[in-house]
Every structure is written in C-alpha cells, then in structure tokens.
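Sharing a structure, written as structure tokens. Questions coming.
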Amino acid sequence: MASENNTGDTAYTKFYTREEVAKHNDSKDLWFIIHNKVYNVTQFISHPGGEEVLLEQGGQDCTEAFEDIGHSSDARELMEIFKIGELVEEERTQGNSELTDVSDVDNSRTIDLYFLFCHSSYDCLINGNCATQIHKSILYCDVIIASCSGSWRSWLIPIALGVLATLVYRYFIKAH
Ligand code: HEM
C-alpha cells in the first residue's frame, strides 16, 4: 500500500515501493519509474516513440532508457502530467534531481502540451494507422482539458473536440 505525506499547503505526494510499481506492467495498467518518480502512463499508450517501447518498460525503473533516447524538454514537461508519486526514501537512487516537480509546472503551458498530444493523435488518424487509439485520445483530451482549465476552455474545447472527432471519424469511414 502506498504511503502518503503532506509536505506543505498544496504539495501532496504519494510514495510507492519498487515492488508496488512492478505490479502495474501491462497495457491496461502501465506504470514506471524515472528519476525516483512514479508515472502512470496507461493513457499515454499513443506515445510518439510507440506503444511497444513503453510496454517493455512497464513496472520497471526506466531512467536510463528514458535518458538514452534524449527526450526533449517538451517531453520532460509532458511527463509531469502522468506523475502519480515518488519512490519511498529508502529505495531511491542518488543524483536524480533534474526533473521538474509537478508543482513547478506552469498550468497553461501544461494545457498547451495536452493540445500537442491531442493534435499528434489527430495526425495519427489522418494517416490511418491508429483508428482505435484516436478515440481514446480525443476523449482523454476532453476530460483533461476540462479538468485543467477553469476558463471558457472548460466547455468550449470539449464541444469543439467532440465535433472534430465526429467529422474526422466520418471522413475516415468514407475513405476506407
Ligand atoms: C512519461 C514518460 C514519457 C513521455 C512523456 C515521453 C514523451 C515523448 C515525446 C514527446 C517524444 C517525441 C520526441 C521528443 O519530444 O522528445 C518521445 C519519443 C520517444 N520516446 Fe518517449 N516519453 C516517455 C517515456 C519513454 C520511455 C520510458 C521510453 C523507453 C525507452 C521512451 C522512448 C521513446 C522513443 C524511442 C522515442 C522516439 C525517439 C525518436 O524518434 O527519436 N519514452 N517520447
């Protein structure tokens, strides 16, 4: 069971053991560790590097693999969206402070990154390769954008995405 800790007014962190993370290792429930932080990437299966690479890392510490790829700063900000907690103190490795804490991420920037994520899924549909993932992605974007935003975006964007999804879906069905 994860332990919880209040470290400030708004900071709220869950702590997990490596053993707990290891249980979440398939496409329906996919977690991993990067720089002592725990990520749930189940909803990020349409990752730009492909589904397979993420599945291979399921339940493990993939810090080295993640760094070997040379992920961009956009990717590093985007990953904060999927952070669910950290490793318990006694199981951490040393020298891992380079990733931003989720509380430091600018919320409007995070929303922009969600758009980037949604748009890449849209391209994916247009290319005809990911018909099943696109629906998940668009729905997910709707939920996330609505929950991240306290402004007009919270109702206008989900409606716009819904209309867009329907149009793209019809186009896709006609084209095939
Ligand atoms: C939450 C964690 C992760 C996020 C948010 C993420 C995000 C991204 C993004 C945005 C890209 C596009 C290129 C870039 O902007 O750097 C990318 C590419 C890629 N990622 Fe990830 N990634 C994550 C974890 C991983 C892991 C654990 C692996 C496994 C080794 C991996 C392997 C790759 C590969 C192979 C590419 C393609 C690189 C290329 O084509 O040059 N990613 N990732």
Side-chain angles (χ1 to χ4, degrees), residues 2 11-88 91-149 157 161:
Y12 179 77
T13 307
K14 277 195 169 189
F15 293 92
Y16 299 92
T17 62
R18 288 179 186 271
E19 194 185 348
E20 285 173 295
V21 176
K23 292 175 194 161
H24 305 269
N25 60 7
D26 60 49
S27 61
K28 292 191 174 63
D29 183 23
L30 193 66
W31 296 13
F32 51 54
I33 302 160
I34 299 176
H35 291 297
N36 295 323
K37 294 177 180 173
V38 179
Y39 298 88
N40 178 346
V41 290
T42 317
Q43 297 291 346
F44 192 47
I45 215 75
S46 53
H47 161 257
E51 180 175 341
E52 283 307 312
V53 285
L54 288 200
L55 281 171
E56 276 169 21
Q57 306 297 331
Q60 301 174 48
D61 188 329
C62 56
T63 306
E64 211 178 314
F66 178 85
E67 290 301 346
D68 283 351
I69 302 301
H71 280 88
S72 65
S73 52
D74 274 358
R76 286 162 197 275
E77 281 191 57
L78 182 61
M79 69 195 290
E80 292 301 330
I81 291 160
F82 305 103
K83 184 185 159 195
I84 55 167
E86 297 182 8
L87 276 183
V88 291
E91 293 190 5
R92 292 179 188 208
T93 50
Q94 297 303 308
N96 288 313
S97 56
E98 63 195 81
L99 290 177
T100 337
D101 192 275
V102 69
S103 52
D104 297 335
V105 173
D106 170 13
N107 200 37
S108 59
R109 169 85 177 129
T110 304
I111 292 170
D112 288 344
L113 285 165
Y114 272 121
F115 278 113
L116 194 120
F117 172 42
C118 299
H119 289 158
S120 70
S121 302
Y122 172 86
D123 287 344
C124 190
L125 177 67
I126 294 296
N127 292 331
N129 297 322
C130 348
T132 50
Q133 285 173 10
I134 186 69
H135 295 113
K136 270 197 244 164
S137 301
I138 286 181
L139 279 176
Y140 183 58
C141 290
D142 273 4
V143 173
I144 294 296
I145 290 166
S147 64
C148 278
S149 168
I157 288 165
L161 282 172

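Bear in mind the structure is a predicted one, so any value in this text is a computation, not a measurement. Ligands are counted one by one from 1 in listed order, and the atoms in each one are counted from 1 as well. Just so it is clear, the values below take in all heavy atoms, side chains as well, and ignore hydrogens, waters and symmetry mates.
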* Asked: For ligand 1, is any non-hydrogen atom under 4.0 Å from R76's backbone (N, CA, C, O), its side chain (CB onward), both, or neither?
  -> neither
* Should E86 and R92 count as an ion pair when the cut-off is N to O under 4.0 Å? -> yes
* What part of D74, side chain, backbone, both or neither, has a heavy atom within less than 4.0 angstrom of ligand 1? -> neither
* Asked: Of the choices K83, H71, E56, E52, which has the non-hydrogen atom that lies closest to atom 17 (C) of ligand 1?
  -> H71
* To do: Please name the pair of heavy atoms, one in G85 and one in Y16, separated by the smallest distance, quoted to 0.1 Å.
  => CA-CE1, 4.0 Å
* Going by heavy-atom distance to atom 27 (C) of ligand 1, choose the closest among G50, C62, G49. =>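 Among G50, C62, G49, the closest heavy atom to atom 27 (C) of ligand 1 comes from C62.
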* Do the side chain of E56 and the main chain of V53 share a donor and acceptor less than 3.5 angstrom apart? -> no
* 4.5 Å side-chain heavy-atom contact, M79 and I34 ->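 Yes, side chains in contact.
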* **Atoms of ligand 1, numbered as shown, that sit under 4.0 Å from any heavy atom of A65** =>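 Ligand 1 atoms under the 4.0 Å threshold to A65: 30 (C).
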* Asked: Going by the order shown, which atoms of ligand 1 are within less than 4.0 Å of some heavy atom of F66?
  ->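 Atoms satisfying the 4.0 Å criterion: 3 (C), 23 (C), 24 (C), 25 (C).
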* **Geometric class of the H71/F66 ring pair [parallel <30°, tilted 30-60°, perpendicular >60°]** => parallel
* Part of V41 with heavy atoms under 4.0 Å of ligand 1, whether side chain, backbone, both or neither ->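 Answer for V41: side chain.
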* Which of the listed options, S72, P48, S73, holds the heavy atom that is closest to atom 14 (C) of ligand 1? -> S72
* To do: Inspect the contact between R76 and E67 and indicate whether a charged nitrogen and a carboxylate oxygen are less than 4.0 angstrom apart.
  => yes
